Amino acid sequence: FSLPLLQQYTTDLRSHSKAPHNLTQPMYGKFQQHLQTELAAIREAGLYKNERLICGPQQAEINVGGKTVLNFCANNYLGLSNHPRLISAAKAAMDARGYGMSSVRFICGTQDLHKELEAAISRFFKTDDAILYAACFDANGGVFEPLLTAEDAIISDALNHASIIDGVRLCKAQRYRYENANMEDLERVLQEAQSARFRIIVTDGVFSMDGNVAPMDKICDLADKYDALVMVDECHSAGVVGPAGRCVAEQFICYGRIDLHTGTLGKAFGGAIGGFTTGPKEVIDMLRQRSRPYLFSNSIPPAVVGAGLEVFKMLEESDALHTKLMENVEYFRDKMLAAGFDIKPTQSAICAVMLYDAKLSQEYAARLLEEGIYVTGFYYPVVPKGQARIRVQLSAAHERHHLDKAIAAFIKVGRELGTLK
C-alpha cells in the first residue's frame with residue numbers, strides 16, 4: 001500500500017465499523033419474516049416456551065422473580081444440587097487442579113481426577129470401564145457411529161430421548177423402532193433385523209415424560225434369544241430405580257446382561273454437567289479412539305469431577321437419600337390419586353399429571369406458580385399431540401410439608417379450572 005491508499009483504507013474501515021449492522025437487509029429479510037411467522041404460530045398454538053429466572057441455588061425452595069416457591073420440576077432427585085459436601089469437594093478440586101482444562105482428553109486434558117471418576121462410575125454400574133463426556137447428549141450422540149456400520153442394526157424404543165434419536169441418525173446402521181416397552185413388538189423387530197451383522201437394542205431406563213421403567217429383564221431375555229446387544233440410558237433411573245437406587249440393572253437383576261449404560265452427572269448425581277458411557281473395556285477403548293464428541297470437546301472441569309467423586313462416596317456410605325426419595329414419591333402419588341388426578345403409572349421419581357390440552361397445561365402451571373408451586377407444563381413436540389401434562393419431579397430435598405402444600409395447590413387450581421370435581 002502507498003501511504004495515501006493506506007490512509008483511505010483505514011478511514012473506510014473505521015467508518016464501516018461504526019455503521020450499525022442492518023438485520024433487515026435483503027439477505028436476511030425473507031428469512032426474518034419466515035421466523036417471525038413461525039414464532040407467531042408457536043405462540044398462537046400455546047406451544048411457546050418461556051424461561052423463568054431463578055435467583056439462587058437449585059434446591060427445594062427457590063427464588064423465582066423475587067418470590068420464594070417450591071420447586072417440583074428439577075431433576076434434583078437426590079437433593080444434591082446444593083449439597084454442602086459437593087460444594088466443598090468442587091472448591092477443593094478447583095484449588096488443587098485449577099478451573100478448566102483448555103484441552104480435549106487425548107491431547108493434554110486428562111487429569112488423575114478424570115480417571116478416578118471413571119473408575120467410580122464403573123464400580124457403581126459394575127462394569128469394566130467408563131468414558132466421560134461433556135453431557136449425556138454427547139454420550140448418546142457419540143456411541144453408535146464409532147461402533148456400528150451399515151451392516152448392523154439399531155433397535156430403538158419409540159419414546160427414547162432425543163439424544164438417542166440424534167445419535168442413531170449420525171450412524172449408518174439400519175434403523176428399527178418398536179412401540180414403547182412393548183415386548184411383542186420388540187420381538188417382531190428383532191426377527192426383522194436378523195440379517196444384520198450385529199444388533200443392539202437401545203432404551204431409556206426411565207422414560208422421562210411418563211415415568212415408566214423399561215422392562216429390562218424381558219428385554220435382556222429377547223436379546224439373548226435373538227443375539228443382540230443391550231444399551232440403556234440411565235439418566236432418569238440412576239440414583240432412583242432399584243432397591244438402593246443403583247439403576248435398572250439392580251431393579252431387574254440384570255448385571256452383566258446390559259452391555260452399555262449411558263448417563264449423566266446432571267440429574268441425581270449432583271445436577272451439574274457431564275455425561276458418561278460405561279461398559280466392556282473394548283467398547284470404551286474404541287470410543288476413546290473414535291467417538292467424536294469425546295475427541296473434539298474439552299474435558300469436563302476439575303470442579304465438576306471433584307463433586308462427582310464426592311457423590312459416589314456418599315452413595316457408597318448410605319442409601320438414606322434414595323429411601324427418602326421413594327417415600328416422597330409414594331406419599332405424593334397416593335395423595336394425588338386419592339384426590340382424583342389422572343397420573344400415569346410410575347416406578348420412578350416422575351409423576352405425570354395428565355391434562356391433555358397444551359394451553360391448559362400452561363395455564364395450570366401458571367396458576368400453580370401463583371400458589372407458590374413451580375412446575376412446568378409439557379406439550380407437543382416434547383410429548384405427542386393431545387398428551388399434554390404437568391410433570392412433577394420429586395426429590396429427597398422435599399419435606400412432607402412441601403408435598404402437602406403442592407397437593408393442596410393442585411387440588412385448588414384443579415377445582416378452579418374445572419378439571420377436578
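When a residue number appears, it is its place in the shown sequence, counting from 1. Quick caveat, the model's predicted, so the values are computed rather than measured. Computed over heavy atoms, backbone and side chain alike; hydrogens, waters and symmetry mates excluded.
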Taking the basic N atoms (NZ, or NE/NH1/NH2) and the acidic carboxylate oxygens, is any pair closer than 4.0 Å for Arg169 and Glu145? no
Residues Lys172, Asp152: salt bridge by 4.0 Å N-O rule: no
CD1 (Ile200) and CD1 (Ile155) are apart, to the nearest 0.5 Å, by 9.5 Å
With heavy-atom distances below 4.5 Å as the criterion, would you say the side chains of Lys344 and Arg389 are in contact? yes
Is any NZ, NE, NH1 or NH2 atom of the basic residue among Asp112 and Arg97 found under 4.0 Å from an Asp or Glu carboxylate oxygen of the other? yes
Could you check if a side-chain atom of Glu250 sits within less than 4.5 angstrom of a side-chain atom of Val241, using non-hydrogen atoms only? no
The side-chain contact (heavy atoms from CB on, under 4.5 Å) partner of Ile201 among Asp259, Val189, Leu190 is Leu190
Carboxylate-amine/guanidinium contact Glu330 Lys335, below 4.0 Å: no
Supply the atom-to-atom distance Gln347 CD to Arg333 CZ, rounded to the nearest 0.5 angstrom. 9.5 Å
List the atom of Ala193, the atom of Ala153, and the distance in Å for their closest heavy-atom pair. CB-CB, 4.1 Å
Mind running side chain to side chain donor-acceptor pair (under 3.5 Å) on Asn75 and Gln393 for me, showing each step along the way? CA-CA 7 Å; Asn75 302 314; Gln393 292 169 278; 2.4 Å; yes
Nearest-0.5 Å distance that lies between atom CG in Leu117 and atom CD in Gln111: 12.0 Å
Return yes when atom CD of Glu192 has more than 12 non-hydrogen atoms of other residues, nucleotides or ligands closer than 6.0 Å, and no otherwise. yes
Test log, rule side chain to side chain contact (heavy atoms under 4.5 Å, CB included), inputs Cys254 and Val248: CA-CA 8 Å; Cys254 289; Val248 293; over 6 Å; no
Tell me, with the steps shown, if Glu118 and Leu132 meet side chain to side chain contact (heavy atoms under 4.5 Å, CB included). CA-CA 7 Å; Glu118 287 168 342; Leu132 293 170; 3.6 Å; yes
Before giving the answer on side chain to side chain contact (heavy atoms under 4.5 Å, CB included), spell out for Ser348 and His236 the whole-Å C-alpha distance, their side-chain angles and the decisive distance to 0.1 Å. CA-CA 8 Å; Ser348 65; His236 290 276; over 6 Å; no
Is there a salt bridge (Lys or Arg N to Asp or Glu O under 4.0 Å) between Lys405 and Glu399? Walk through the geometry before answering. CA-CA 10 Å; Lys405 181 176 179 179; Glu399 303 298 339; over 6 Å; no
Going through the checks in order, is the side chain to side chain contact (heavy atoms under 4.5 Å, CB included) test met by Thr419 and Leu360? CA-CA 10 Å; Thr419 62; Leu360 175 61; 3.7 Å; yes
Short side-chain to backbone donor-acceptor contact, Ser103 and Cys108, under 3.5 Å: yes
Specify the closest pair of heavy atoms between Gly306 and Ala93, including all atoms of both residues, with the distance to one decimal. CA-CB, 3.8 Å
Ignoring hydrogens and angles, state whether a donor on the side chain of Tyr226 or Gln191 is under 3.5 Å from an acceptor on the partner side chain. yes
Is it true that Arg292 and Asp138 have a side-chain N and a carboxylate O under 4.0 angstrom from each other? no
Got Phe341 and Ile407 here, is their nearest side-chain heavy-atom distance under 4.5 Å? no
Can you confirm whether Lys126 is buried at NZ, in the sense that more than 12 heavy atoms of other residues, nucleotides or ligands lie under 6.0 Å from that atom? no
Side-chain heavy atoms of Glu116 within contact of Leu113, under 4.5 Å: yes
Closest heavy-atom pair, Phe207 versus Leu159, reported as atoms and distance to 0.1 Å, is CD2-O, 3.6 Å
What heavy-atom pair brings Phe124 and Gly239 nearest, and what distance separates the two atoms? CZ-N, 4.4 Å
Within a radius of less than 6.0 Å around NZ of Lys385, do more than 12 heavy atoms belonging to other residues, nucleotides or ligands occur? no
For Gln387 and Tyr356, which I'm curious about, is there any donor-acceptor pair between the side chains at under 3.5 Å? no
Measuring only between side-chain heavy atoms, which start at C-beta, is Asn328 closer than 4.5 Å to Leu403? yes
Identified side-chain contact (heavy atoms from CB on, under 4.5 Å) counterpart of Asp157 within the set Val232, Thr203, Asp233: Thr203
Taking C-beta and beyond as the side chain, do Asp204 and Ile164 meet within less than 4.5 Å on heavy atoms? yes
Show me the side-chain donor-acceptor pairs of residues 260-279 shorter than 3.5 Å, one per line, residues at least two apart or across chains.
unit_1 : atom_1 : unit_2 : atom_2 : d
His261 : ND1    : Glu234 : OE2    : 2.9
Thr262 : OG1    : Asn140 : OD1    : 2.9
Thr264 : OG1    : Gly266 : N      : 2.8
Thr264 : OG1    : Gly274 : O      : 3.2
Thr278 : OG1    : Thr127 : OG1    : 2.4
Thr278 : OG1    : Asp129 : O      : 2.7

Does the separation of the ring centres of Phe72 and His398 fall below 6.0 angstrom? yes
Should we say atom CD1 of Ile253 is surrounded by more than 12 heavy atoms from elsewhere, each under 6.0 Å from it? no
With no hydrogens and no angle check, do the side chains of Ser81 and Asn76 hold a donor and an acceptor under 3.5 Å apart? yes
Under 3.5 Å side-chain donor-acceptor pair for Glu61 and His402: yes
Tell me yes or no: between the side chains of Tyr77 and His322, is some donor less than 3.5 Å from an acceptor? no
Is it the case that the side chain of Ser297 and the backbone of Tyr294 share a donor-acceptor pair, with hydrogens and angles ignored and the cut-off at 3.5 Å? no
Got Arg288 and Arg105 here, is their nearest side-chain heavy-atom distance under 4.5 Å? yes
Can you name the closest pair of heavy atoms from Ile300 and Tyr133 and give their distance? CG2-O, 3.4 Å
Inter-residue atom distance Gln174.CD - Arg199.CZ, 0.5 Å rounding: 10.0 Å
Where Gly141 and Pro293 come nearest, the two heavy atoms and their spacing: C-CG, 4.4 Å
Checking Arg246 against Asp319 for the salt bridge (Lys or Arg N to Asp or Glu O under 4.0 Å) test, could you report, in this order, the C-alpha distance in whole Å, the side-chain angles of both residues, the deciding distance, and whether it holds? CA-CA 10 Å; Arg246 294 272 170 161; Asp319 64 352; over 6 Å; no
Gly142 backbone acceptor or donor facing Ser291 side chain under 3.5 Å: yes
Can I get a per-line list of side-chain donor-acceptor pairs under 3.5 Å for residues 44-58, giving both atom names and the distance, sequence neighbours left out?
unit_1 : atom_1 : unit_2 : atom_2 : d
Tyr48  : OH     : Arg43  : NH2    : 3.3
Gln58  : OE1    : Asn71  : ND2    : 2.5

Tyr331 vs Val329 side-chain heavy atoms within contact, under 4.5 Å: no
Compile the donor-acceptor pairs under 3.5 Å between side chains in residues 366-378 and protein atoms, sequence neighbours left out, one pair per line.
unit_1 : atom_1 : unit_2 : atom_2 : d
Arg367 : NH2    : Glu416 : OE1    : 2.6
Glu371 : OE1    : Lys412 : NZ     : 3.4
Glu371 : OE2    : Lys412 : NZ     : 3.1

Approximate separation, where rounding is to 0.5 Å, of Cys220 SG and Leu229 CG: 11.0 Å
CG of Leu295 to CG of Leu287, rounded to nearest 0.5 Å, is 9.5 Å
